[in-house]
Number of protein chains: 2
Amino acid sequence: MPTELPTEPPTGRLSRARILAAAIDLVEREGADAVSMRRIASELGVGVMSLYNHVPNKDALLDGVAETVLSGVEFTDDPGAHWTDRVRMQARAFRQIAHHYPRCTMLVVSRQLHSHAGLLPVERALATLRGAGFGGEDAVRALRMFIAFIVGSLLREVGVTPTFAPVHAGTLKAEEVDPALFPEVSALAPLLDSCDHEAEFEFGLELLIQAIGVHAGRGEGAR
Amino acid sequence: MPTELPTEPPTGRLSRARILAAAIDLVEREGADAVSMRRIASELGVGVMSLYNHVPNKDALLDGVAETVLSGVEFTDDPGAHWTDRVRMQARAFRQIAHHYPRCTMLVVSRQLHSHAGLLPVERALATLRGAGFGGEDAVRALRMFIAFIVGSLLREVGVTPTFAPVHAGTLKAEEVDPALFPEVSALAPLLDSCDHEAEFEFGLELLIQAIGVHAGRGEGAR
DNA sequence: TTGACGCACGTACACCGTACGTGCAAGCCT
DNA sequence: AGGCTTGCACGTACGGTGTACGTGCGTCAA
């Protein structure tokens with residue numbers, strides 16, 4: 001469990017932290033579509049317009065949600081480890097978002113954050129790569145590659161149905177598709193609509209780490 | 001340019017195709033946030049509720065937009081080519097979405113489509129991979145990897161700011177970040193806030209194709 | 001004590017999705 | 001031809017949305 005993000009004071013005065021906590025809670029319970037200023041206010045037992053004393057508008061509030069969730073990921077970095085292990089750890093830390101805040105994942109992924117919370121993972125990743133001997137351009141390239149992979153993977157994992165959907169196990173694929181039109185899809189349907197997200201993520205991660213390692217000519221040694 | 005999607009009849013009666021065309025146009029001109037049933041109706045010079053004779057609700061309308069955009073990608077497949085070339089072509093075709101319909105990209109990516117339009121690219125990809133000798137599991141794995149990469153790359157490319165933002169060239173990074181807190185980000189700022197999306201995409205694509213090729217032990221030959 | 005200020009709150013407005021009812025035109029069956 | 005069904009454009013209405021603005025109350029500084 002991530003570090004109990006904003007240390008929400010459960011009572012007393014309103015605050016940005018309490019509002020964000022309520023918003024995150026609401027998103028996780030009922031989905032992003034259920035979020036409205038009125039809903040959050042009523043959740044907090046407070047007038048709607050009171051929120052605007054702590055948050056400029058709804059969009060900024062959602063940015064705050066994304067930022068808070070992102071800053072809640074636990075990056076445990078071991079500067080002594082091999083760069084491949086460090087990258088692995090950082091990527092997995094990112095994926096924790098999809099576990100702890102599945103309904104918020106879309107928010108985090110769909111707004112780029114220029115705040116500290118958004119820059120910190122970038123800084124860590126770049127430090128790791130540069131420490132492993134990557135040049136500036138190579139490091140940025142590799143980082144972008146990892147981010148694209150992680151973002152794409154998380155979106156697949158959270159299913160990204162807007163409101164409902166616990167996780168939609170059997171997504172009405174099988175026997176629904178015409179085997180004449182889509183022979184491969186039809187034949188592979190069992191494989192397609194079941195997905196071990198963890199295994200899939202780990203597979204892609206290893207593939208990427210190894211590929212980037214050999215690309216930069218440091219598949220083995222280095223530090 | 002994609003194939004003039006629904007062959008919109010410019011006048012006469014209302015139709016699902018005309019509504020979808022108007023919606024796509026509106027999204028591209030003013031962003032997804034500008035889309036409302038009233039807005040689309042007034043765009044078409046028609047009463048709001050007339051739309052509901054052709055579309056069950058707004059959500060389905062947006063699904064239709066995503067589906068239409070997706071079905072507009074030009075997949076030119078050469079069954080005789082090497083599988084690596086075919087995969088390259090398919091990935092690039094996908095990326096065309098971000099060029100022709102940048103503001104719609106988020107819609108396409110954020111709703112999974114179980115329709116023909118959504119299944120066709122999957123079918124094609126699986127067919128080429130299986131034709132190259134990939135087993136069922138390997139093919140599905142590889143496909144998921146490619147999709148994650150492509151989705152992540154497209155999201156980065158379209159910037160994914162909800163409404164405005166032409167593309168935000170210099171995104172207020174440089175001289176904004178504290179070099180003491182984020183030394184790497186600060187040092188690499190010029191590299192970070194400029195991005196040749198095409199080159200970046202091609203780099204990742206080659207990396208992935210090569211990695212998946214060697215992973216499956218068919219880096220060179222095969223067919 | 002008095003003034004300023006922070007902040008919770010109510011009201012109001014423009015806009016949203018859409019349920020429901022109405023009326024008109026075209027096509028079908030006797 | 002007369003009647004009926006059906007399809008479709010449209011208006012009205014309801015509950016919900018973000019938020020601009022004004023008001024009043026508490027707590028501090030002078």
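Here is how names work: the chains are called A, B, and so on, in the same order as the sequence lines, proteins then strands, and each is numbered from 1.
Here C:dC7 presents its P atom at 16 Å from CG of A:Leu44, a figure rounded to the nearest Å.
Remark: A:Gln90 pairs with A:Phe75, A:Asp77, A:Arg86, A:Arg124, A:Ala125, A:Thr128 by the side-chain contact (heavy atoms from CB on, under 4.5 Å) rule, at least two apart or across chains. A search for side chain to side chain donor-acceptor pair (under 3.5 Å) contacts involving B:His116 returns nothing, not counting sequence neighbours. In this view, A:Asp196 and A:Glu198, A:Ala199 satisfy the side-chain contact (heavy atoms from CB on, under 4.5 Å) rule, not counting sequence neighbours.
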Which donor-acceptor pairs under 3.5 Å do the side chains of residues 180-187 of chain B make with protein atoms, sequence neighbours left out?
none

Going by atom type alone, with no hydrogens or angles, which donor-acceptor pairs under 3.5 Å involve a side-chain atom of residues 142-155 of chain A and a protein atom two or more places apart or on another chain?
unit_1	atom_1	unit_2	atom_2	d
A:Arg144	NH2	B:Leu191	O	3.1
A:Arg144	NH2	B:Leu192	O	2.8
A:Arg144	NH2	B:Ser194	O	3.3
A:Ser153	OG	A:Phe149	O	2.8

Protein proximity profile, nucleotides 9-23 of chain D - base contact B, sugar-phosphate-only contact S, no contact -, cut-off 4.0 Å on heavy atoms: BBBBB---BBBBB--
